[in-house]
Amino acid sequence: MAKQYNVGIIGATGMVGQRFATLLENHPWFNVKVLAASARSAGKTYKEAAGSRWAMTTPMPKAMEDMVIMDAANVEEIASQVDFVFCAVDMKKEDIRALEEAYAKAECPVVSNNSAHRFTPDVPMVIPEINDNHLEIIEAQRKRLGTKKGFVAVKSNCSLQSYVPAIHPLMKYGVKRVLACTYQAISGAGKTFERWPEMVDNLIPYIGGEEEKSEQEPLKIWGTIENGEIVKATSPSITAQCLRVPVSDGHTAAVFVDLENKPSMEQIIKDWETYSGKPQELNLPSAPKQFLHYFTEPDRPQIKSERNLENGMAVSIGRLREDTQYTIKFVCMSHNTLRGAAGGAVLLAELLCAENYI
């Protein structure tokens with residue numbers, strides 16, 4: 001039996017915090033000991049603080065309903081009660097950076113869903129099946145922070161989870177350039193149709209900051225550790241366009257890839273279907289048995305039929321074909337609040353525990 005860990009959810013009342021709560025309700029390793037949020041929620045029970053804004057399709061975990069929300073700013077008090085925290089707060093980036101570092105310096109590891117630390121050179125930004133080796137940078141980060149146990153580790157942007165996993169097994173063929181157009185669900189903005197009626201029968205061709213993240217974050221994921229920091233890869237060149245679409249959950253990407261060497265379509269599909277990473281090797285609780293699934297039907301993958309594949313932790317791919325401008329093109333999709341957000345962070349935490357970083 002695996003070791004048991006007491007954990008906290010910082011930002012528990014928001015949509016991603018709620019998703020953390022549902023994922024951790026019956027987790028075999030992690031026991032939710034602390035729920036924390038802003039001062040305005042502190043002192044209320046979870047049901048009082050988040051009840052009317054509960055956005056999940058599953059009910060609030062019974063065991064958490066009457067837990068009293070703590071003030072996320074009470075770092076030492078919270079850190080003394082848990083082995084590590086998940087962080088999904090809605091604050092200014094500089095405030096998030098300060099808060100997460102405060103927890104790390106209090107010897108409380110932070111597994112973050114936030115973007116604030118994604119480009120801190122010694123903070124690993126990890127898709128567990130792709131760049132688990134970046135966890136090695138934690139040693140350098142601890143030296144900078146002056147900690148023995150504390151550190152910050154982050155997951156990448158939710159839209160990347162749909163197309164970067166599909167591109168990664170093709171890197172051996174020399175990926176030169178990528179064009180990715182993402183069609184992103186409203187839950188990526190922390191919204192439901194009830195709270196964002198303007199999105200019904202609508203499409204917004206702009207998501208602030210998303211295209212820059214989509215173009216730059218993969219280069220850190222594919223980067224190398226040099227002299228105590230992660231140095232971004234210089235290729236492939238990536239251009240992205242990101243649209244908000246009237247879908248509750250699930251980000252889809254239309255991807256065009258230029259390759260130096262051209263494998264057969266059958267070989268590419270085989271590369272996808274046989275690809276696995278450290279989570280599969282370690283048989284982590286949240287890991288999909290098969291990371292990448294390819295669908296041969298011309299109208300797949302679809303949001304409704306594929307987003308919950310393998311508990312929402314798999315990536316679905318389809319429509320692979322040759323292109324007139326690029327070498328190949330295809331469509332892929334992943335669940336943005338599961339694989340892309342809270343689920344990806346839980347899987348990262350499992351990896352950190354299995355590899356003895358926590």
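Note that the numbering runs from 1 along the sequence shown for the chain. Note that this is a predicted model, so its numbers are computed, not measured.
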Tell me whether Arg53 at atom CZ has more than 12 heavy atoms from other residues, nucleotides or ligands lying less than 6.0 Å away. yes

Donor-acceptor check, side chain of Glu229 to backbone of Glu226, threshold 3.5 angstrom: yes or no? no

Asp90 atom CG, neighbour heavy-atom count above 12 within 6.0 Å: no

Is the side chain of Arg319 donor-acceptor paired with the backbone N or O of Pro301 at a distance under 3.5 Å, no angle test? no

Quick one: do the Arg19 and Thr337 side chains pair a donor with an acceptor below 3.5 Å? yes

So, does Arg244 use its side chain to make a donor-acceptor pair with the main chain of Tyr206 at under 3.5 Å? no

Gln4 (side chain) donor-acceptor with Pro28 (main chain) under 3.5 angstrom: yes

With the threshold set at 4.0 Å, does a side-chain nitrogen-carboxylate oxygen contact exist between Glu322 and Lys262? yes

Do we see a donor-acceptor contact under 3.5 Å between the side chains of Asn6 and Asp83? no

So ring pair (Phe, Tyr, Trp, His ring centres under 6.0 Å) across residues 177-197, not counting sequence neighbours, yields none

Candidate pair Ser214 and Leu160, rule side chain to side chain contact (heavy atoms under 4.5 Å, CB included), full reasoning: CA-CA 6 Å; Ser214 298; Leu160 267 64; 4.2 Å; yes

Begin with the C-alpha distance, continue with both residues' side-chain angles, and end with the deciding distance and a verdict on side chain to side chain contact (heavy atoms under 4.5 Å, CB included) for Ile69 and Thr45. CA-CA 6 Å; Ile69 303 289; Thr45 65; over 6 Å; no

Side-chain donor-acceptor pair present, Asp258, Thr327, cut-off under 3.5 Å: yes

Side chains of Ser248 and Arg307 only: does a donor on one sit below 3.5 Å from an acceptor on the other? yes

Give the minimum heavy-atom separation between Ser115 and Lys93, together with the two atoms involved. OG-CE, 3.2 Å

Can you tell whether the side chains of Glu281 and Lys278 come within less than 4.0 Å, N to carboxylate O? yes

If only atom types and distance count, is the side chain of Trp272 paired as donor or acceptor with the main-chain N or O of Tyr294 below 3.5 Å? no

Side-chain donor/acceptor of Glu25 to backbone N/O of Pro61, under 3.5 Å: no

Quick check on Lys176: does its NZ atom have over 12 non-hydrogen neighbours (other residues, nucleotides or ligands) under 6.0 Å away? yes

Indicate the atoms forming the closest heavy-atom contact of Ala341 with Asn113, along with that distance. CA-OD1, 3.2 Å

Taking the ring of Phe84 and the ring of Phe30, is the distance between their centroids below 6.0 Å? yes

Is the closest basic N to carboxylate O distance between Asp122 and Arg144 below 4.0 Å? yes

A quick test of your reading: do over 12 heavy atoms of other residues, nucleotides or ligands sit less than 6.0 Å from CG of Asn227? no

Side-chain donor-acceptor pair under 3.5 Å between Trp222 and His168, yes or no? yes

Any chance you could measure Met199, atom CE, to Ile186, atom CD1, to the nearest 0.5 Å? 6.5 Å

Taking atom types as modelled, is there a side-chain donor on Gln161 or Asn336 under 3.5 Å from an acceptor on the other? no

Specify the closest pair of heavy atoms between Pro165 and Ile130, including all atoms of both residues, with the distance to one decimal. CA-CD1, 3.8 Å

Gln18 versus Thr13, side-chain donor and acceptor atoms under 3.5 Å: no

Checking Ser41 side chain against Ala37 main chain: does a donor-acceptor pair fall under 3.5 Å? no

Keeping the roles fixed (side chain from Gln280, backbone from Gly277), state whether a donor-acceptor pair exists under 3.5 Å. yes

What's the separation between atom CZ in Phe330 and atom CG in Asp323, rounded to the nearest 0.5 Å? 11.5 Å

Residue pair Asp71 / Ser38: nearest heavy atoms and the distance that separates them: OD1-C, 4.4 Å

Which of Leu347, Val315, Ile221 passes side-chain contact (heavy atoms from CB on, under 4.5 Å) with Ile127? Answer is Ile221

Any luck finding a side-chain donor-acceptor pair between Asn283 and Lys289 under 3.5 Å? yes

Which atom pair, heavy atoms only, marks the closest approach of Met171 to Pro236? CE-CD, 4.1 Å

Quick check: are there more than 12 heavy atoms from other residues, nucleotides or ligands sitting under 6.0 Å from CD of Gln241? no

Is it the case that the side chains of Glu100 and Ser112 hold a donor-acceptor pair, with the cut-off being a distance below 3.5 Å and no angle test? yes

Would you say Ile78 and Ile9 are hydrophobically clustered, going by side-chain heavy atoms of ILVMFWY under 4.5 Å? no

Pairing donors with acceptors under 3.5 angstrom, does anything connect the side chains of Glu310 and Gln290? no

Presence of salt bridge, Lys220 and Glu217, under 4.0 angstrom: no

Passes side chain to side chain contact (heavy atoms under 4.5 Å, CB included), Ser316 versus Ser334? Steps please. CA-CA 6 Å; Ser316 302; Ser334 67; over 6 Å; no

Do the side chain of Asn114 and the main chain of Ala116 share a donor and acceptor less than 3.5 angstrom apart? no

Going by atom types only, do Glu306 and His335 share a side-chain donor-acceptor pair under 3.5 Å? no

Any chance the side chains of Asp271 and Gln267 put a donor and an acceptor closer than 3.5 Å? yes

same_hphob_cluster(Leu35, Val82) at 4.5 Å side-chain heavy-atom cutoff: no

Are Tyr163 and His251 close enough that their ring centres sit under 6.0 Å apart? no

Quick one: do Glu350 and His27 satisfy side chain to side chain contact (heavy atoms under 4.5 Å, CB included)? Show the steps, please. CA-CA 10 Å; Glu350 291 169 0; His27 196 280; 2.6 Å; yes

Working to the nearest 0.5 angstrom, can you tell me the gap between Asn31 CG and Lys33 NZ? 7.5 Å

Residues Glu129 and Arg339 bridged, charged N to O under 4.0 Å: yes

Is the number of heavy atoms from other residues, nucleotides or ligands within 6.0 Å of CD (Glu198) greater than 12? yes

Establish, yes or no, whether the cationic atom of Arg177 lies under 6.0 Å from the six-membered ring centre of Tyr326 and within 45° of the ring axis. yes

Please check: side-chain N/O of Glu210 versus main-chain N/O of Cys242, any donor-acceptor pairing under 3.5 Å? no

Group every Ile, Leu, Val, Met, Phe, Trp and Tyr by side-chain heavy-atom contacts under 4.5 Å, then state whether Val126 and Val110 land in the same group. no

Looking at every heavy atom in both Asp201 and Pro246, which two are closest together, and how far apart are they? N-CB, 4.2 Å

